[in-house]
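Beneath this line is the structure, given in structure tokens, with notes to follow.
Just so it is clear, the structure is predicted and the values come from calculations on it, not from any experiment. Chain naming here is simple, since letters A, B, ... match the order of the sequence lines and numbering starts at 1 in each.
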There are 2 protein chains.
Amino acid sequence: MIKTENTPIAEQELSTEEKILAAARSVFTKKGMSGARMQDIADEAGINKALLHYYFRSKEKLFDRIFEEASNKMFSILNSIIADEKLSVREKIKDLIENYINMAIANPYIPAFVMGEANQNPDFIKEYLIKKISVHKQLIAHFQEAISLGEIKPTNPVQLFMNVMSLAVFPFIVRPIFQAGFGVTDEQFNALMEQRKKHLVEFIMAAIKP
Amino acid sequence: MIKTENTPIAEQELSTEEKILAAARSVFTKKGMSGARMQDIADEAGINKALLHYYFRSKEKLFDRIFEEASNKMFSILNSIIADEKLSVREKIKDLIENYINMAIANPYIPAFVMGEANQNPDFIKEYLIKKISVHKQLIAHFQEAISLGEIKPTNPVQLFMNVMSLAVFPFIVRPIFQAGFGVTDEQFNALMEQRKKHLVEFIMAAIKP
DNA sequence: TAAAATTTTAACTAAATAGTTAAATTAAAC
DNA sequence: GTTTAATTTAACTATTTAGTTAAAATTTTA
């Protein structure tokens, strides 16, 4: 019998450390730092609070580990894409869209988690995120270059970058409101996001055509 | 001397109840329900905790008041636009963009606040938000109609609706990351958002042209 | 000015939660 | 089978935070 993602963390064949990390991932990404409870993490991992503190000294240490991991998933997506000199601007946009949507389908809570913590604790994020975002500047520079060459319509490249990110990421932030408001199931939402990859590429290509 | 928005709440000529509400607005929208402290609200209002509880019995009651107000600002924007039978689809999109961006410039913390609470407490939002969103279905229906009439390119109208919302709202959610990562001041950010109103209308119109 | 309403003071209580401890139990390794 | 490591138990402590109380001080109103 294959272990699915719905198998409770406590019952999975994982080391205790892995069970704790999986539980912490689940609780922190759903509830945030201030909303998460160490007892809830222990319960979800199927262990007790004493052992939880034996493995990870404090809530803060455990949170840091999870946030670091989540922000990497959020911001390291572009590293390989942007570095690739062979890709055209249009190919980069396509790859960005597909990679972000795939990541968010696989990790549904990460976008809202990272954005939420960044908003509730703006000073804290500076240490974590500033370095990881420098790569994105290269993408904006590439946009500028393509505009100068007449490959895409004259536009503020920062606005274009914001557009691509918005279109890919926002649905996963508004997701609970959207699903509740329109009565959409998880399966329907994921199907919409699968369809969205192609839809967005067409939408953006039409918008930037010179 | 004119009172600016930078005048501390505690020093403004407001009734005590108004001072409390202004302080609660400030603290809750920045820190969220679980991150907010009643003591911080009292401090920001320039009063003490006893008086705070004298006016609003509990944190929950005060939060409900602020969240209700914030979600109204977030979701009642479209009511007048969508009801207006005289507006074309393109005019509605333009109005939606302008109204959302204006609201978010005037209330910078509201989008991330409402989205954050919805994500951290999905059950809670159902009571609040489901009714307010029904209007949005009419807009999607209008999109569908315009597609059938060939006025705009064949598209999934739900995707188009998601696109318009994403483009207008997401920048205000990613704002702290964007400003920290790219070294953008508040003034520069607001200028970019002012420019964005026109930019987005052009971007979307190009994307949906049949 | 006297009475009434508002606000402060400061010391409380109650509850929730992070984190600790030491002994007992169980599982793994040798 | 004995030793060692991992885990549980359960009762702790310390801290934070929501919420209360009663009396005193202040401000407003009549």
Side-chain angles (χ1 to χ4, degrees), chain A residues 7-68 113 116-117 120-121 123-124, chain B residues 7-70 113 116-117 120-121 123-124:
Chain A
T7 306
I9 291 156
E11 291 171 23
Q12 287 179 280
E13 303 157 350
L14 298 170
S15 72
T16 300
E17 189 175 339
E18 284 167 335
K19 273 194 272 187
I20 291 172
L21 286 171
R25 212 170 279 134
S26 167
V27 174
F28 276 129
T29 57
K30 285 176 197 152
K31 295 294 178 183
M33 173 61 173
S34 65
R37 301 287 161 251
M38 291 297 268
Q39 186 63 61
D40 293 342
I41 295 173
D43 290 349
E44 190 149 335
I47 58 162
N48 52 66
K49 219 172 36 145
L51 193 61
L52 177 56
H53 278 95
Y54 172 78
Y55 273 85
F56 294 89
R57 272 230 174 64
S58 70
K59 185 183 181 184
E60 211 184 335
K61 282 197 170 58
L62 189 51
F63 174 82
D64 283 358
R65 175 88 174 251
I66 300 302
F67 186 77
E68 172 72 19
F113 170 58
E117 294 301 320
Q120 287 187 12
N121 210 336
D123 295 332
F124 164 79
Chain B
T7 307
I9 290 157
E11 290 171 22
Q12 286 179 287
E13 304 156 350
L14 298 170
S15 71
T16 300
E17 189 174 340
E18 284 167 333
K19 273 194 272 188
I20 291 172
L21 286 171
R25 213 170 278 134
S26 166
V27 174
F28 276 130
T29 57
K30 285 175 197 153
K31 295 293 178 184
M33 172 62 172
S34 65
R37 300 287 162 251
M38 290 297 268
Q39 186 63 61
D40 293 342
I41 294 173
D43 290 349
E44 190 149 335
I47 59 162
N48 52 65
K49 217 172 39 145
L51 193 60
L52 177 57
H53 278 95
Y54 173 79
Y55 273 84
F56 294 88
R57 273 230 174 64
S58 69
K59 185 182 180 184
E60 211 184 334
K61 282 197 170 57
L62 189 51
F63 174 81
D64 283 358
R65 176 87 175 251
I66 300 302
F67 186 77
E68 172 72 19
E69 180 188 283
F113 171 57
E117 295 300 322
Q120 287 187 12
N121 210 337
D123 295 333
F124 164 79

*asked:* For B/Lys30, give me all partners under side-chain hydrogen bond (donor to acceptor under 3.5 Å, both in side chains), at least two apart in sequence or on another chain.
replied: B/Ser26
Please tabulate, for the side chains in residues 35-42 of chain A, all donor-acceptor contacts under 3.5 angstrom to protein atoms that are two or more places apart in sequence or on a different chain.
| residue | atom | partner | partner atom | Å |
| --- | --- | --- | --- | --- |
| A/Arg37 | NH1 | A/Ser34 | O | 3.4 |
| A/Gln39 | NE2 | A/Asp43 | OD1 | 3.0 |

_Per the side chain to side chain donor-acceptor pair (under 3.5 Å) rule, what does the pair list look like for residues 45-55 of chain B, sequence neighbours excluded?_
none
_Divergence of helical axes at both termini of the helix from C/dT1-D/dA30 to C/dA24-D/dT7 - five pairs an end, 10° steps_ = 10°
*Do nucleotides 14-30 of chain D as a string where each nucleotide becomes B, S or -: B if the base has a protein heavy atom under 4.0 Å, S if just the sugar-phosphate does, - if no protein is that close.*
---SBBBB---------
_Atom-to-atom span, CD1 of A/Ile47 to C1' of D/dA5 - whole angstrom_ = 16 Å
_Sequence-distant partners of B/Asp64, side-chain hydrogen bond (donor to acceptor under 3.5 Å, both in side chains), two or more places apart_ = B/Tyr128
*Between D/dT8 (C1') and A/Leu52 (CG): distance, integer Å*: 14 Å
*In whole Å, what is the span from the CG atom of A/Asp43 to the C1' atom of C/dA16?*
15 Å
*Using a 4.0 Å heavy-atom cut-off, write out nucleotides 25-30 of chain C from 5' to 3' as B (base contacted by protein), S (sugar-phosphate only) or - (no contact).*
------
*asked:* Using side-chain heavy atoms (C-beta onward) and a distance below 4.5 Å, is A/Gln120 in contact with A/Met33?
replied: no
_Value in whole Å for how far the C1' atom of D/dA10 lies from CG of A/Asn48_ = 10 Å
*Closest approach of B/Leu21 and B/Arg65, non-hydrogen atoms and distance?*
CD1-NH2, 3.4 Å
*How far apart are the closest heavy atoms of B/Leu52 and B/Ile47, and which atoms are they?*
N-CD1, 3.8 Å
*Mind calculating the distance between OH (A/Tyr54) and P (C/dA22) to the nearest angstrom?*
15 Å
_Set of residues satisfying ring pair (Phe, Tyr, Trp, His ring centres under 6.0 Å) with respect to A/Phe56, sequence neighbours excluded_ = none
*For A/Glu60, what residues pass the salt bridge (charged side-chain N to carboxylate O under 4.0 Å, His left out) criterion, not counting sequence neighbours?*
none
*Side chain to side chain, A/Glu117 and A/Phe63, heavy atoms closer than 4.5 Å*: yes
*asked:* Taking the minimum atom-to-atom distance to the side chain of A/Tyr55, which one of C/dT8, D/dT8, D/dT7 wins?
replied: D/dT7
*Please identify each residue that fulfils side-chain hydrogen bond (donor to acceptor under 3.5 Å, both in side chains) with B/Glu18, with sequence neighbours left out.*
B/Ser15
*Over how many whole Å does the gap from A/Leu51 atom CG to D/dT7 atom C1' extend?*
6 Å
